[in-house]
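Before anything else, here's the structure in question.
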Amino acid sequence: MRPSESTAPDGARISLAWLGHPGTVLSLIVLVLNDHVFKAAFPGLVTGKLSDVAGLVLAPPLVAVLVTLAVPGLRPRAVAGFALGSVGAGFALVKSSGYAATAASGLWSVVSGPSLIRADRTDLLTLPALAVAAWMWKAARRDPVGHRAARLVRLVVLLPAALVAVAATSPIERPDAVATKVVDGRLAAGAATGPMSAEEGIPTWWRISDDAGVTWRDPVDAEQEALWKRVPTRIGPDHPVCVAATPQRCYRVASGRIRVEESDDAGRTWRLSWEIPEKQRELLKARYEEAGPDGKRITGQDLAVLDVPGGGHVVLVANARDGFALRDVAGRWQRIGFPGGRWKGEPPPLGMISPGDRYDDTVRALLLVPALVVLVLLVARTRAGRASGHGSSLPVLQGALQVLIGMLLFAVWTSENTTLVRLAPLVVVPLLLGAAVLTLVSRDLRAAPGRWVAEVLAAAGLTAALAGAAMVGWLHGRPVYAGTAVVLAVLGTVPGLLLGWRAARLIGPWRPPYEPPYPPAVPVDGSRPG
């Protein structure tokens, strides 16, 4: 048995060297550029397979590093075998099974927002890229990372970058809701999945509802034929559609907006029934840049009204990139996104929010990030105090202050009171500043060298960067869910916590300054004492 295979530190050195291999770093760069630049500029077979190749080279060393961090006692050869085997088996399963691809899409959507992973057996042709990854591991095994600073760089820079590159896949091609119909007493929703079809308002797929919009299914052949025949009868904006049972009640889509108006006098006068305010529509335009600066694909497109047996009616509205909106029999409006098929379960963009809520979200994000930074400082301070052996009640005060800050943040994040959220910075920010001052200005750290201060400040800056990136990404729509963003922000504190914890090694036990003993007293006559 080789010595490098018998100890955990050597296993970590080899895994980090594998992650930092020039070929692995190159695959990281290729994956990011291909997913976010090349696929959009040059769609086709080459860019489609290039991401698979780069991902198969990057994923095994990433898995190996995570495994060695979680289970440091494993041998390097076992870690490499597990990483290569698990990545290869998972890739083969997802690409060859539609059920596995659907499950992977759902899991990835939780991490980074609505995502689509397709089963495509031709992608299995890229599996030989694992051989390249294995060759890189052999090179890393011959030259493991020995210097602690180099390992630290790989851990706090390359590891988060690789995680982000793997998680932040290229965005899916979203459809546009362009048509609504009533076919044989059933609602039909039509969407277009290409820019040309979206601009012309021609659906590329349909969904049918048998229960007035509660559930949706694919149309049968006869329904499909009827739908295609009726495409030219698209209503469009500013054209009223009246309820068959009560012709005085009519609805129409306002031109250039996401707004539905209703009339009780057969269209002579109109009033607001439901809308997405213009400020919120501007947010949607900023989020979906491909919709054009004028927002043509973030407007109402079509409307259909269905009489429900037993009384009442439902209204289905196609709002292009924003998906479909439905008015139920009770008169409640709801944005339902893109119902059925592969888009089932996708939340409507930005959810049901009021125009001011994104400002409140910004306040929440700006309060959470410095709170996590103060947490890192507190951990580093407490660890340093224990290392110096000169503790005091200060960490208890800091801990109580951090608990108070946590309670306030929980109240801010869960409250729906806009006034409370907007006034929160007046209370939380001074508490955060006080906690930071108590952490950095302490008589217990009189023995702390300047290098300790530099490493702790670096840990705080790293935490602010990683947690802030998660929060900023959420404010711009990716990840979609606030819970996912908070989890990513909390995970972003891990490198900073590790760095702040290790900084205590620079502080030794505190000792009072040396004072030499006083010389024995000498009598005035010069004689020696007794």
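In this text, all values refer to a predicted model and were calculated from it rather than measured experimentally.
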**Message:** In the structure I gave you, are the side-chain heavy atoms of Leu466 and Pro495 within less than 4.5 Å of one another anywhere?
**Reply:**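 SC-SC contact between Leu466 and Pro495 confirmed.
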**Asked** How close do Ala320 and Ile298 get, heavy atom to heavy atom, and via which atoms?
**Response**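 Smallest interatomic distance, heavy atoms only, reads CB-N, 4.2 Å.
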**Request:** Under the side-chain hydrogen bond (donor to acceptor under 3.5 Å, both in side chains) rule, collect the residues that match up with Glu275, sequence neighbours excluded.
**Result:**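 side-chain hydrogen bond (donor to acceptor under 3.5 Å, both in side chains) check on Glu275 returns Arg257, Arg259.
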**Prompt:** Just by distance, do the side chain of Thr180 and the backbone of Leu303 share a donor-acceptor pair under 3.5 Å?
**Reply:**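 Here the side-chain-to-backbone pair exists.
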**Message:** If I compare all heavy atoms of Ala129 with all of Val57, which pair ends up nearest, and what's the gap?
**Reply:**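 Shortest heavy-atom contact: O-CG2, 3.8 Å.
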**Message:** Let me confirm one number: the OG1-CG distance from Thr299 to Asp322, rounded to the nearest 0.5 Å.
**Reply:**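 CG of Asp322 is found 10.5 Å from OG1 of Thr299.
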**Asked** Which residues pass the side-chain hydrogen bond (donor to acceptor under 3.5 Å, both in side chains) test with Ser209, sequence neighbours left out?
**Response**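 Only Asp211 meet the side-chain hydrogen bond (donor to acceptor under 3.5 Å, both in side chains) criterion with Ser209.
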**Asked** If you look at every heavy atom in Leu372 and Ala489, which pair is closest and at what distance?
**Response**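 Here Leu372 and Ala489 meet closest at CD1-O, 3.7 Å.
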**Message:** Just so I know, are the side chains of Arg335 and Ile276 near enough to count as touching, which here means a heavy-atom distance under 4.5 Å?
**Reply:**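 In contact.
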**Message:** For Val490, is there any backbone N or O sitting under 3.5 Å from a side-chain donor or acceptor partner on Thr493?
**Reply:**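 Flag set: sc Thr493 to bb Val490 pair under 3.5 Å.
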**Prompt:** Side chains of Val305 and Cys242: closer than 4.5 Å at any heavy-atom pair?
**Reply:**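 Side chain of Val305 against side chain of Cys242, heavy atoms only: no contact under 4.5 Å found.
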**Item:** Passing option when Asp52 is tested against Leu31, Leu124, Asp123 for side chain to side chain contact (heavy atoms under 4.5 Å, CB included)
**Value:**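 Going through the options one by one, the only one that passes is Asp123.
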**Item:** side-chain contact (heavy atoms from CB on, under 4.5 Å) against Arg268, all qualifying residues, sequence neighbours excluded
**Value:**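 side-chain contact (heavy atoms from CB on, under 4.5 Å) check on Arg268 returns Asp265.
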**Message:** Rounded to the nearest 0.5 Å, what separates atom CG in Leu306 from atom CG in Leu187?
**Reply:**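 Answer for the CG-CG pair, Leu306 versus Leu187, is 4.5 Å.
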**Item:** Closest non-hydrogen atom pair, Trp206 against Pro219
**Value:**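 So the minimum-distance heavy-atom pair works out to O-CD, 3.3 Å.
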**Message:** Rounded at 0.5 Å granularity, tell me how far CG in Leu316 sits from CZ in Phe324.
**Reply:**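 It comes to 6.0 Å.
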**Asked** side-chain hydrogen bond (donor to acceptor under 3.5 Å, both in side chains) with Asp328: which residues, sequence neighbours excluded?
**Response**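 Arg332.
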**Item:** Close side-chain approach of Arg271 to Asp264, heavy-atom, < 4.5 Å
**Value:**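 Yes; the side chains approach each other to less than 4.5 Å.
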**Asked** If every non-hydrogen atom of Leu130 is compared with every non-hydrogen atom of Gly88, which pair is closest and at what distance?
**Response**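 The pair with the smallest heavy-atom distance is CD1-CA, 3.6 Å.
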**Asked** Hey, what's the ring geometry for Trp333 with Trp274, parallel, tilted or perpendicular (30° and 60° as the breaks)?
**Response**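 Ring orientation of Trp333 relative to Trp274: parallel.
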**Message:** To the closest 0.5 Å, what do you measure between CZ (Arg321) and CD1 (Ile258)?
**Reply:**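 That separation rounds to 11.5 Å.
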**Message:** Can you tell me how far apart CG (Leu28) and OG1 (Thr24) are? Round to the nearest 0.5 Å.
**Reply:**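 OG1 of Thr24 is found 9.0 Å from CG of Leu28.
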**Request:** Please determine, by modelled atom types, if Lys95 and Thr122 share a side-chain donor-acceptor pair under 3.5 angstrom.
**Result:**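 Note: Lys95 and Thr122 side chains miss the donor-acceptor criterion.
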**Request:** Walk me through it: do Val486 and Leu368 pass the test side-chain contact (heavy atoms from CB on, under 4.5 Å)?
**Result:** CA-CA 9 Å; Val486 171; Leu368 179 62; 4.2 Å; yes
**Request:** Could you please spell out the steps behind the side-chain contact (heavy atoms from CB on, under 4.5 Å) verdict for Val67 and Val63?
**Result:** CA-CA 6 Å; Val67 169; Val63 172; 4.1 Å; yes
**Worked verdict on Thr246 versus Val243 for side-chain contact (heavy atoms from CB on, under 4.5 Å)** = CA-CA 5 Å; Thr246 54; Val243 182; 3.6 Å; yes
What side-chain donor-acceptor pairs closer than 3.5 Å can you find for residues 308-315, not counting sequence neighbours?
{"unit_1": "His313", "atom_1": "NE2", "unit_2": "Tyr251", "atom_2": "OH", "d": "2.8"}
{"unit_1": "His313", "atom_1": "NE2", "unit_2": "Arg327", "atom_2": "NH1", "d": "3.4"}

**Message:** Measuring only between side-chain heavy atoms, which start at C-beta, is Asp302 closer than 4.5 Å to Val178?
**Reply:**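 The answer is no; the side chains never approach within 4.5 Å.
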**Request:** Not counting sequence neighbours, which residues clear side-chain contact (heavy atoms from CB on, under 4.5 Å) with Leu50? List them please.
**Result:**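 Partners of Leu50 under the side-chain contact (heavy atoms from CB on, under 4.5 Å) test: Val30, Asn34.
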**Request:** Taking side-chain contact (heavy atoms from CB on, under 4.5 Å) as the test, write out the residues that go with Ala64, two or more places apart.
**Result:**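 Scan of Ala64 (side-chain contact (heavy atoms from CB on, under 4.5 Å), adjacent residues dropped) gives Ser15, Trp18, Val79, Ala83.
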**Item:** From Leu377 atom CG to Thr463 atom OG1, the distance as rounded to the nearest 0.5 Å
**Value:**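 These two atoms lie 8.0 Å from each other.
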**Message:** For Ser255, give me all partners under side-chain hydrogen bond (donor to acceptor under 3.5 Å, both in side chains), at least two apart in sequence or on another chain.
**Reply:**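 Residues passing side-chain hydrogen bond (donor to acceptor under 3.5 Å, both in side chains) with Ser255: none at all.
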**Message:** Looking at Trp216 and Gly213, would you say the former's side chain and the latter's main chain have a donor-acceptor pair under 3.5 Å?
**Reply:**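 Present.
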**Prompt:** Do Ser263 and Glu261 have side-chain N/O donor and acceptor atoms under 3.5 Å apart?
**Reply:**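 No donor-acceptor contact under 3.5 Å links the two side chains.
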**Request:** Under the side-chain contact (heavy atoms from CB on, under 4.5 Å) rule, collect the residues that match up with Val487, sequence neighbours excluded.
**Result:**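 Val487: side-chain contact (heavy atoms from CB on, under 4.5 Å) contacts with Leu491.
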**Request:** Given salt bridge (Lys or Arg N to Asp or Glu O under 4.0 Å), test Arg207 with Glu223 step by step and report yes or no.
**Result:** CA-CA 10 Å; Arg207 299 290 180 262; Glu223 292 169 335; over 6 Å; no
**Asked** Looking at Ala485 and Ala470, what are the two nearest heavy atoms and their distance?
**Response**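 Distance-wise, the nearest heavy atoms are O-CB, 3.8 Å.
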**Request:** Using a 4.5 Å cut-off on heavy atoms from C-beta on, say whether the side chain of Asp210 contacts that of Thr215.
**Result:**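 SC-SC contact between Thr215 and Asp210 ruled out.
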